[in-house]
Amino acid sequence: MADSAQAQKLVYLVTGGCGFLGEHVVRMLLQQEPQLRELRIFDLHLGPWLEELKTGPVQVTAIQGDVTQAHEVAAAVAGAHVVIHTAGLVDVFGKTSPETIHEVNVQGTRNVIEACVQTGTRFLVYTSSMEVVGPNIKGQPFYRGNENTPYEAVHRHPYPCSKALAEQLVLEANGRKVLGGLPLVTCALRPTGIYGEGHQIMRDFYHQGLRLGGRLFRAIPASVEHGRVYVGNVAWMHVLVARELEHRAALMGGQVYFCYDNSPYKSYEDFNMEFLGPCGLRLVGTRPLLPYWLLLFLAALNVLLQWLLRPLLLYAPLLNPYTLAMANTTFTVSTDKARRHFGYEPLFSWEESRTRTIRWVQAVEGSAR
Ligand SMILES: NC(=O)c1ccc[n+]([C@@H]2O[C@H](COP(=O)([O-])OP(=O)(O)OC[C@H]3O[C@@H](n4cnc5c(N)ncnc54)[C@H](O)[C@@H]3O)[C@@H](O)[C@H]2O)c1
Ligand SMILES: CC(C)CCC[C@@H](C)[C@H]1CC[C@H]2[C@@H]3[C@H](O)C=C4C[C@@H](O)CC[C@]4(C)[C@H]3CC[C@]12C
């Protein structure tokens, strides 16, 4: 991002820095970005682990704030060289209202962009999602596609709708003049399903398997491929993009990149078993135990129950028509755009990613006892 004369001069801001991905981005920056002077971590909920970071050579500034509040965002952005905007509401289970998802993901992103423009920050990296592309509502497969693969991106669910709108805002902001007259340089990273240490849904599946006597029951055909990428590699891509945006602004500005690594192409459940298997769980069935129409019926029933129970309690199971469509539609990427544009190579091999994730699940198991 800068030459050696600027060593230890840079100020970075990570929004959502206490989330699953955000924490990995924060730790990766501290390990891999020697030019960092100050790292600002902006989140609605600050984690206690931030304290341990404050003893290192880089000034770590924790900022409790809300991306929907423009003044809070502007105060955090002022004076930062780079903003990595990972904050977002990730909800495909109906826990939050569509309005709130829109407010956080779209208005929050708009606030980040405006803060960059108003305060003179020139480099903005946005964490988008594969869901900006698909799977679409028609359930059409996206088989090992890349950033240029034609695909009918049609969304109805609030989460992908919000991510698509926010990504569009970020890309359109590329080239806008920021305070001081220089152009804003933006780009968007689109992870597929992220896994690794801290992945809440993996934890949920693990606990569900324990409750079912060490078994999970196959619901999705093994032939349906679902793209997955290790969190450490996604974090590494963010760090590299942030570093290279200045030098390669003409090439990278306004671009989108899928996040990828060497994780194998598998179905969602078979992929999870790469970690849950060594932790003692078994996936029962070589074929789905329930026919698809019955799963669809149960998914629809869950929506009805969620609606009926809403006045009393929050019922938000993993299975609903949207998550079923996500898991049951092939969506995998195969691309080298990040390597060509900014020299990305995965920092963690598949074996390392797998070992680290298994170790983490085992630690979750230990702490649950
Ligand atoms: N997890 C995945 O598989 C995945 C895949 C693709 C893209 N993404 C994207 O990556 C980003 C991070 O996702 P994650 O899985 O780490 O989710 P996460 O929920 O673990 O992290 C999001 C963080 O944003 C913070 N946040 C939420 N609302 C906020 C607000 N109003 N103001 C400030 N901070 C707020 C949360 O407190 C949390 O720490 C999101 O933008 C998500 O859309 C995630
Ligand atoms: C049919 C059930 C038995 C299985 C349900 C699995 C379901 C909870 C999983 C399947 C696919 C998962 C999503 C996918 O990995 C990608 C993303 C993109 C990201 O932006 C947010 C998370 C999300 C939606 C995953 C959520 C959990 C899903 C739907």
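What you see is a predicted model; the values in this text were computed from it and never measured. We use all heavy atoms of the structure for the numbers below, so side chains are in, but hydrogens, waters and symmetry mates are not. For ligands, and for the atoms within them, numbers begin at 1 and follow the listed sequence.
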Ligand-side contact atoms (ligand 1) for residue partner Pro191, heavy atom cut-off under 4.0 Å: 6 (C), 7 (C)
Would you tell me which option among Met326, Lys163, Arg218, Met202 has the nearest heavy-atom contact to atom 13 (C) of ligand 2? Met326
Subset of ligand 1 atoms that lie under 4.0 Å from at least one heavy atom of Ser128: 6 (C), 7 (C), 8 (N), 9 (C)
Ring centres under 6.0 Å, that's the criterion: do His81 and Tyr12 meet it? no
For atom 19 (C) of ligand 2, tell me which residue out of Arg190, Gln208, Glu131 has the closest non-hydrogen atom. Glu131
Please work out whether any backbone atom (N, CA, C, O) or any side-chain heavy atom from C-beta onward of His226 is under 4.0 Å from ligand 2, and answer side chain, backbone, both or neither. side chain
So for ligand 1, is Ser129 a polar contact partner (N or O within less than 3.5 Å, distance only)? no
Report yes if the side chains of Tyr126 and Arg190 come closer than 4.5 Å at any heavy-atom pair, otherwise no. no
Minimum-distance protein heavy atom relative to atom 8 (C) of ligand 2: Phe93 CE2, 3.9 Å
Measure from NZ or CZ of Arg144 to the centre of the six-membered ring of Tyr265 and say whether it is under 6.0 Å with the direction within 45° of the ring axis. yes
Which of Ile194, Asp261, Leu347 passes side chain to side chain contact (heavy atoms under 4.5 Å, CB included) with Tyr230? It is Asp261
Check whether any side-chain heavy atom of Tyr195 lies under 4.5 Å from a side-chain heavy atom of Thr357, and answer yes or no. yes
Those atoms of ligand 1 less than 4.0 Å from some heavy atom in His45: 37 (O)
Which residue and heavy atom of the protein sit nearest atom 34 (N) of ligand 1, plus the separation: Leu44 N, 3.3 Å
Subset of ligand 1 atoms that lie under 4.0 Å from at least one heavy atom of Gly65: 32 (N), 33 (C)
Relative to the heavy atoms of Gly193, which atoms of ligand 2 are at a distance of less than 4.0 Å? 15 (O), 16 (C)
Counting heavy atoms only, which of Gly16, Gly17, Gly22, Gly88 is nearest atom 27 (C) of ligand 1? Gly88
Hydrophobic clustering (ILVMFWY, side-chain heavy atoms < 4.5 Å, transitive) - are Leu44 and Val14 grouped together? no
Where is the nearest protein heavy atom to atom 21 (O) of ligand 1: which residue, which atom, and how far? Gly19 CA, 3.3 Å
A student checking ligand 1 against Val104 at a 4.0 Å heavy-atom cut-off should list atoms 28 (N), 31 (N)
Protein heavy atom at shortest distance from atom 5 (C) of ligand 1: Thr192 O, 3.4 Å
Would Tyr322 count as a contact residue for ligand 2, given that I'm defining contact as a non-hydrogen atom of the residue lying under 4.0 Å from a ligand atom? no
Glu152 and Lys138 ion-paired at < 4.0 Å: yes
Pull out every atom of ligand 1 sitting under 4.0 Å from any heavy atom of Cys18, numbered as shown with elements. 39 (O)
Protein heavy-atom partner closest to atom 43 (O) of ligand 1 - residue, atom, separation in Å: Tyr159 OH, 2.6 Å
Looking only at distance, does Ser129 have an N or O less than 3.5 Å from an N or O of ligand 2? yes
Out of Val125, Leu29, Asn233, which residue meets the side chain to side chain contact (heavy atoms under 4.5 Å, CB included) rule with His238? Val125
Under 3.5 Å: N/O of Phe20 near N/O of ligand 1: yes
Between Tyr159 and ligand 2, is there a nitrogen or oxygen pair with a distance under 3.5 Å? yes
Give the single entry among Asp66, Thr15, Val90 that approaches atom 19 (O) of ligand 1 most closely by any heavy atom. Val90
So is Val67 polar-close to ligand 1, meaning N/O to N/O under 3.5 Å? yes
At under 4.0 Å between heavy atoms, which part of Leu319 makes contact with ligand 2: side chain, backbone, both or neither? side chain
Could you tell me if the ring centre of His341 sits under 6.0 Å from that of Tyr257? yes
In ligand 2, which numbered atoms sit nearer than 4.0 Å to a non-hydrogen atom of Ile201? 26 (C), 27 (C)
List the closest protein heavy-atom neighbour of atom 3 (C) of ligand 2: residue, atom name, distance to the nearest 0.1 Å. Ala219 CB, 3.8 Å
Closer than 4.0 Å: a protein non-hydrogen atom to atom 25 (C) of ligand 2: no
Do Tyr322 and Tyr159 have their ring centres less than 6.0 Å from each other? no
Per-atom contacts of ligand 1 with Thr86, taking only distances under 4.0 Å to non-hydrogen atoms: 11 (C), 12 (C), 40 (C), 41 (O)
Does any part of the side chain of Leu189, heavy atoms only, come nearer than 4.5 Å to the side chain of Ser128, both counted from C-beta? no
Atom 44 (C) of ligand 1: nearest protein contact (heavy atom, Å): Ile194 CD1, 3.8 Å
Give the residue and atom name of whichever protein heavy atom lies nearest to atom 37 (O) of ligand 1, and the separation in Å to one decimal. Asp43 OD1, 2.6 Å
Given Thr68, Val25, Thr127, Ile101, which has its nearest heavy atom closest to atom 9 (C) of ligand 1? Thr127
Heavy-atom proximity to atom 9 (C) of ligand 2, best of Phe331, Phe217, Phe205, Tyr268: Tyr268
The protein heavy atom nearest to atom 7 (C) of ligand 2 is Thr323 CB, 4.0 Å
What is the nearest protein non-hydrogen atom to atom 22 (C) of ligand 2, stated with its residue, atom name and distance? Val90 CG1, 4.0 Å
Which atoms of ligand 1 are found less than 4.0 Å from any heavy atom of Leu21? 10 (O), 16 (O)
Which residue and heavy atom of the protein sit nearest atom 41 (O) of ligand 1, plus the separation: Lys163 NZ, 2.8 Å
